Number of protein chains: 2
Amino acid sequence: MGSKERILRLKEETRTSILDAALNIVQTEGWQALSMRKIADQIEYTAPIIYEYFPNKEGILLELTRRGYQILGKDIREARDKYESAADQMEAMWIAYWNFAFTHKEFYQLMYGVDMVCCTVKNSMTEAEQVSAMLGDVIESLFIKQPVSENDICMKYYTYWSIIHGLISINLVRPNGRTTDELNQQILKDAIKGITLSINS
Amino acid sequence: MGSKERILRLKEETRTSILDAALNIVQTEGWQALSMRKIADQIEYTAPIIYEYFPNKEGILLELTRRGYQILGKDIREARDKYESAADQMEAMWIAYWNFAFTHKEFYQLMYGVDMVCCTVKNSMTEAEQVSAMLGDVIESLFIKQPVSENDICMKYYTYWSIIHGLISINLVRPNGRTTDELNQQILKDAIKGITLSINS
DNA sequence: TAAATAATCTAGCACTGTTAAGCAAAGGTA
DNA sequence: TACCTTTGCTTAACAGTGCTAGATTATTTA
């Protein structure tokens, strides 16, 4: 009776194909064009069967968010592992974060609510927490004085995140602004260095 | 025949009442709840007459955006005029910007695409340009070396804006994050001072 | 083969932005 | 006053949205 497993595998495939279809639509037509019927069209089913795999549209978005954090986590981890010193790691990680935002624009919009329809509270998603933890760990090791208080880490984390997220979202919302890539990279690296330096001063 | 003017005034009033109704709905129920029929309900008309005053829903949003920039412009101007030195002005203006974002949360979301449905390219809105110009002028006078290149101003402008917008949007999207107001104010002022100092070093 | 279960679809609800057609009241003109 | 035209506004509709209940079809089990 291996058919049980076969069916389970098929269901898993359909589930994945729903997510793939959703992503495909978003990447080609944007978030506002994503609809249940369009997803159904793409997977060659009718809309209601999607509800056999996800509770509602938000459920799909949530799963895509999870996927996004998995990619981001991988990118940041790999960037970190290329360097030894915490300062270098920090810069590499934020640049990876930056690159993720533009190479996976749609994911970023979903994950950080830039120009997005639904603003669900992403409470306790382990993938998201892993990303925070990685960044937090490196920030902690940037401090010379040890131990470092939770508050200190949190504050620096926010400082980094704010400027990077700010730069990203301005560029995502206004792709035709009069800033250039080099200018952005310059601001980005300067800002990271500045914050990093400010930690032990 | 003063009736012409009376009618024109009435039309202007209806137009304003549409905008007021829209704002009212957004403030009480959020952006996702804003619909043409709801606006019509509130002004005690039916939906189609709105199209006598605005080309479409986006037209209403555009007009609200304009209103938002008018308020923001006023706030920033007043903040600036309370101080003499450029550095003080700069800090006061960005704090005014910050305060605007939270006291007029809905406006800010509309103007800067945080968690918003429609991302229209706000091309050449004079009200928005005035805000940019005011901030740019103060940034220019922060420089000791004169004259200041357009590029220099633009870069510093972006640096300021990024960190402030980043801080704001993180707080707007995640109002229940574990950051406190004091922490935010601290980061904000530190960042402003840091950027201001970096200008002539 | 018959019954039970699973998979899928059709039809529909209430909502969205937007448009076309029509009605009724007001204005201007003879 | 009688007619005609313009204006203000409404009803009805279209095509789309997320989502659900019920019917239908296919598959598995007995």
Side-chain angles (χ1 to χ4, degrees), chain A residues 1-19 21-26 28-65 110 115-120, chain B residues 1-19 21-26 28-65 110 115-120:
Chain A
M1 283 293 154
S3 67
K4 273 257 170 57
E5 288 134 38
R6 198 199 71 230
I7 284 166
L8 230 77
R9 209 178 51 235
L10 274 176
K11 286 206 101 181
E12 198 47 53
E13 268 174 34
T14 314
R15 201 184 129 90
T16 311
S17 80
I18 290 172
L19 292 171
L23 198 58
N24 189 259
I25 292 162
V26 168
T28 55
E29 303 179 60
W31 281 106
Q32 103 289 126
L34 182 66
S35 80
M36 300 303 261
R37 284 174 175 86
K38 231 173 229 170
I39 295 172
D41 267 15
Q42 202 142 104
I43 62 169
E44 290 179 308
Y45 277 111
T46 50
I49 60 115
I50 302 177
Y51 294 86
E52 304 276 324
Y53 297 88
F54 297 94
N56 47 35
K57 191 181 183 181
E58 201 150 319
I60 299 176
L61 300 186
L62 205 75
E63 198 53 47
L64 285 179
T65 305
L110 176 61
D115 182 46
M116 263 297 304
V117 182
C118 104
C119 159
T120 54
Chain B
M1 286 294 155
S3 66
K4 274 258 169 62
E5 287 133 39
R6 198 198 69 231
I7 286 168
L8 229 76
R9 210 177 49 237
L10 274 176
K11 285 208 102 181
E12 198 47 53
E13 267 173 36
T14 314
R15 201 185 129 90
T16 312
S17 79
I18 290 172
L19 292 171
L23 198 59
N24 189 259
I25 292 162
V26 168
T28 55
E29 303 178 61
W31 280 108
Q32 103 289 128
L34 181 67
S35 82
M36 300 302 261
R37 283 173 176 86
K38 229 174 229 167
I39 295 173
D41 269 14
Q42 202 142 103
I43 61 170
E44 292 179 307
Y45 277 111
T46 50
I49 60 114
I50 302 178
Y51 293 86
E52 306 275 325
Y53 298 88
F54 296 94
N56 48 33
K57 191 180 183 182
E58 200 150 317
I60 299 176
L61 300 186
L62 206 75
E63 199 53 48
L64 286 178
T65 306
L110 177 60
D115 183 46
M116 262 297 305
V117 182
C118 105
C119 158
T120 54

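All values reported here derive from a predicted model rather than from experimental measurement. In what follows, every chain begins at residue 1, and chains take the letters A, B, ... in the order their sequences are listed.
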Q: With axes from five pairs an end, tell me the bend angle of the helix from dT1(C)-dA30(D) to dA30(C)-dT1(D), nearest 10°.
A: 30°

Q: Kindly indicate whether the side chain of K57(B), heavy atoms from C-beta on, has any atom under 4.5 Å from the side chain of L34(B).
A: yes

Q: Any chance you could measure L62(A), atom CG, to N56(A), atom CG, to the nearest 0.5 Å?
A: 9.5 Å

Q: Can you pull out every side chain to side chain donor-acceptor pair (under 3.5 Å) where at least one residue sits in residues 37-46 of chain B? Sequence neighbours excluded, please.
A: E29(B)-K38(B)

Q: Side-chain contact, heavy-atom cut-off 4.5 Å: V26(A) with L64(A)?
A: no

Q: Tell me the closest heavy-atom pair linking I39(A) and A22(A), and the distance in Å.
A: CD1-CB, 3.9 Å

Q: Once rounded to the nearest 0.5 Å, what's the spacing between atom CG of L61(B) and atom CG of L19(B)?
A: 10.0 Å

Q: Between dT8(C) atom C1' and K11(A) atom NZ, what is the distance in whole Å?
A: 11 Å

Q: In whole angstrom, what separates Y53(A)'s OH from dA6(C)'s C1'?
A: 11 Å

Q: Do L10(A) and E13(A) touch side chain to side chain, with heavy atoms closer than 4.5 Å?
A: yes

Q: Base contacts versus sugar-phosphate-only contacts with protein, heavy atoms under 4.0 Å: please encode nucleotides 10-25 of chain D as B, S and - from 5' to 3'.
A: BB-B---BBBB-----

Q: Side-chain polar contacts of residues 47-54 of chain A - donor-acceptor pairs under 3.5 angstrom, sequence neighbours left out - could you list them?
A:
none

Q: Expressed as a whole number of angstroms, how long is the span from F54(B):CZ to dG17(C):C1'?
A: 16 Å

